[in-house]
Amino acid sequence: MADLTRLNQATSDLIMDIVGDLGTCTAEQVQAELLRRDGTAAERDELVRYMEFLRSGFPRKLAHAGPGRWVLVVLA
Amino acid sequence: MGVDRFDGKELEYLGRILSSGSLAGRGDGFVGELERAFAEAYGVQHAIAANAAMSLLISSTFAAGAGAGDEVLCDPIVQFHAIGALWQNAIPTWADVCADTWLMDPESARANITPQTKAIFVTNLWGQPAELDALKRVADERKVVLIEDCAHAMFLPYKGRYAGTWGHVGIFSFCQGKHMTTGDGGMAITDDDELAARIRSVTCFGESPPHLATVFRMTEMQAAIGLAQLERVKGYIEEYQRAYAQLSAALEGCAWLQPRAIREGCGNSPYIFSFLYRGDEHGIDLDAFKQALFATGDYWNVGFTQVPAYKYKLFTHPLAYQDKGCPRHQCPYYEGSYEYRDGLCPTAEAVLPRLVNTNCMVSEETAKRVAEGLRRAIETTEKG
């Protein structure tokens, strides 16, 4: 199960994999996919906060893609 | 959170528009009134409103005469003006930034101007002004147009004048989260009659445009809210300066976090509070610091975009025009030979992954709480 209460590599990788698979997507889509793939029932606000921190990632990172939408960016 | 941003005359002005029955932007309506008020506030001849600052970056690239085969010199921390250049089929080139301010280095700008360069876009990034006098000298010497991106720089003083008035054109953003907001929206200012006419001609046209133009017009609703915001924005900025001071104090005494320099003659219209992680020089682990920042419960960003704009695929690959190679990869009009490569802007490449940012457009009370969190994060990280 993903742990959104602290930054950790397994959860970060899972969320970035999900966004990468979905393409441009909303947090709600990621939330649903987290539940489906991992059984994690994440609170939306908690998930969005975690996703905001994943904008700090490298070489993969999340980026805003317009209002309420997210995309995975691969920098290397 | 932020200060009471919509407690002015917004509703009163919006009511007037609905009573008038006319919502489209009008010169004799709120759009014209906002343009006149903005020009007066900045002491310039022309102010041109648009639906977004991004639209004005595109329009001003055209106004500067940049098109196919031309270069537009950009700074590499943010991408917006380089995207504006692409919309005019012009080629973004890059000047490096200064290591203490992360603002365009005038000497790097001078070194990167070529015979193909038509304009320099300088960003007054995150509420601080670049060396605008030096950049204007460079632009004048090389006969190119200096366009100031002032999206983060409302009423920002620089050596006795506001940022936005040093360049040939200054462009302001009113999107949500800016010093003053109309939801989306922007304003270009200039004292140059010809540049003003060219910007206006492609920002909105009537029936038969003189050039390839579109409709970037601001609506009356945006302008009404903008006018109400303009009446109050200096008060917001004063509050954000108090917030910035609170956050700055949290860095005092920390040897491994480098505050952003504010040079002599430069004001500060706080937009993002930013500092530099140098923990690797002091045995402090970046991941531990990130974890500690996460634990504060506040929003922090480490590394911003991680890499300079010129490393993003939009610029490195021929994506802008349906993979056809324009503007940079196969342009028959381009007579230059600009190479996108690692190390193009070494300071920007070194600084970006180390940037630590948080929003400072908040009340002083909120900033006190965030600053306490930052102090805790520093202490936790140092304890290992």
Side-chain angles (χ1 to χ4, degrees), chain A residues 1-31 34 38 40-76, chain B residues 52 54 76 78-80 83 175-177 181 183-184 272 274-277 285-317 319 342 348-359 370 373 377 380-381:
Chain A
M1 298 274 280
D3 178 7
L4 297 171
T5 63
R6 62 183 186 85
L7 285 177
N8 64 92
Q9 198 62 50
T11 300
S12 301
D13 285 343
L14 176 58
I15 292 173
M16 286 194 282
D17 287 346
I18 287 172
V19 176
D21 291 344
L22 290 172
T24 304
C25 61
T26 63
E28 287 76 11
Q29 288 174 288
V30 178
Q31 189 181 27
L34 259 182
D38 190 56
T40 299
E43 294 286 334
R44 185 190 175 282
D45 288 351
E46 189 179 38
L47 174 61
V48 168
R49 181 164 175 271
Y50 199 101
M51 290 170 73
E52 285 288 350
F53 265 80
L54 293 183
R55 293 172 67 196
S56 302
F58 185 86
R60 295 198 305 168
K61 69 184 286 274
L62 296 189
H64 290 169
R69 300 178 78 80
W70 295 83
V71 69
L72 180 74
V73 177
V74 181
L75 294 166
Chain B
M54 189 66 228
V78 291
Q79 306 176 36
F80 305 100
I83 294 170
C175 76
Q176 186 70 37
T181 182
D184 265 310
I272 283 178
S274 182
F275 56 87
L276 208 62
Y277 159 83
D285 180 53
L286 178 59
D287 284 338
F289 185 46
K290 273 191 198 178
Q291 195 70 252
L293 288 173
F294 186 85
T296 65
D298 294 311
Y299 170 69
W300 289 92
N301 178 281
V302 183
F304 191 48
T305 55
Q306 299 288 349
V307 297
Y310 55 80
K311 293 195 177 189
Y312 273 74
K313 279 187 181 170
L314 178 63
F315 303 107
T316 58
H317 292 64
L319 301 176
D342 286 352
E349 290 184 18
V351 160
L352 268 161
R354 296 168 175 274
L355 288 176
V356 185
N357 292 352
T358 195
N359 178 22
V370 176
T380 302
T381 309

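Chain identifiers are assigned alphabetically (A, B, ...) following the order of the sequence lines, protein sequences preceding nucleic acid strands; residue numbering begins at 1 within each chain. Just so it is clear, the values below take in all heavy atoms, side chains as well, and ignore hydrogens, waters and symmetry mates.
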Pairs of heavy atoms under 4.5 Å with chain B: top-ranked of A/Tyr50, A/Phe53, A/Phe58 | A/Phe53

With chain A, the option among B/Asn357, B/Val307, B/Val302 that has the most non-hydrogen atom pairs under 4.5 Å is B/Val302

So, for B/Gln306 and A/Leu75, which heavy atoms are closest and what is the spacing to 0.1 Å?
-> CB-CD1, 3.6 Å

So which heavy atom on B/Asn301 is nearest to which on A/Arg55, and how close?
-> ND2-CB, 3.7 Å

Nearest heavy-atom pair of A/Arg49 and B/Leu293: which atoms, and what distance?
-> NH2-O, 4.3 Å

Below 4.5 Å from any heavy atom of chain A, which atoms of B/Tyr312 appear? Answer side chain, backbone, both or neither.
-> side chain

Pick from A/Val73, A/Leu7, A/Asn8: which one has the most heavy-atom pairs with chain B under 4.5 Å?
-> A/Leu7

Between B/Phe294 and A/Arg6, what is the shortest heavy-atom contact and its length?
-> CE2-CA, 3.6 Å

